[in-house]
Amino acid sequence: MASRMPTRAQLLESAQGLCSAFASKADIDTLLSYFSSTHQISAFEHGLPLLAPFLGRPFTGRTGPSSVRAYFELLQKHLTYDNMSFGTWVVDPDSSRASVKGTAKFTWADGPGKGQSWDEHFAYILDFDQDAKVTDYQVWADSGAAYLARRGELAQLTAIEGKDNRPADDHSDTKTLVDA
């Protein structure tokens, strides 16, 4: 007997619910309510693990030091965000998957980089079970900005960039003499 597959509308509703809850800074239990209780769940934010504590490590299950709960706890500890929005949804009911691009202003929340902010575009891919609950949560984001902010170096770089909007190698401040 074939298992039933959620419809496109069900997948979209579930994905939008999770993303809306995250954008509105819902508590972790609310976020976890969008995840499957019948399948193993995972969260994975792509990037080098040495750049930030929530990058490049698989977080699986609901409890424990490497759980999806622990992933969201790390995000809450190290990041704040504002003006998060999502758009351009792609939903594939045949594979029970949805993807979306989002934007937000992120701020590093602790250590040497406390208070350093950046505007970011990111992408999610969400996989679902037969009840349109998330089983796998993947994120692609700007790990370089997070790393620089964590180290307290992002503000200095963005200040330099803000003073001079020309690319560093455009040579527009150099005079060229042409033989007539």
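The basis for the numbers below is simple: all heavy atoms, side chains too, and nothing from hydrogens, waters or symmetry mates.
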Which heavy atom in [X] sits nearest to a heavy atom in [Y], and how many Å separate them?
X	Y	result
Q130	P6	O-CD, 3.8 Å
G87	V100	O-CG2, 3.1 Å
R151	P112	O-CB, 4.0 Å

Please report whether the ring centroid of [Y] lies less than 6.0 Å from that of [X].
X	Y	value
F22	Y81	yes
Y137	F128	no
F44	F59	no

[X] bridged to [Y] by N-O distance under 4.0 Å:
X	Y	result
D82	K25	yes
D127	K133	no
R150	D110	no

Next item on the list: Treating Ile, Leu, Val, Met, Phe, Trp and Tyr as nodes and any side-chain heavy-atom pair under 4.5 angstrom as an edge, say whether L12 and V90 lie in one connected cluster.
Entry: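 No, L12 and V90 fall in different hydrophobic clusters.
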Margin query: Is there a path of hydrophobic side-chain contacts, each under 4.5 Å between heavy atoms of I/L/V/M/F/W/Y residues, joining L154 to L79?
Written below: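 Yes, L79 connects to L154 through the hydrophobic network.
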Expected output: side-chain [X] to main-chain [Y] donor-acceptor under 3.5 Å:
X	Y	answer
S14	L11	no
Q116	G152	yes
R97	P93	no

Next item on the list: Please check if atom NE2 in H121 has more than 12 non-hydrogen atoms from other residues, nucleotides or ligands closer than 6.0 Å.
Entry: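 Counting neighbours around NE2 of H121, 12 or fewer heavy atoms of other residues, nucleotides or ligands fall under 6.0 Å, so no.
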Notebook entry, point to check: Is the CD atom of E13 crowded by more than 12 outside heavy atoms at less than 6.0 Å?
Noted result: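 Atom CD in E13 is not packed in, count stays at 12 or less.
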Margin query: Between D136 and S42, do the side chains contain a donor N or O and an acceptor N or O under 3.5 Å apart?
Written below: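 Yes - a donor-acceptor pair under 3.5 Å links their side chains.
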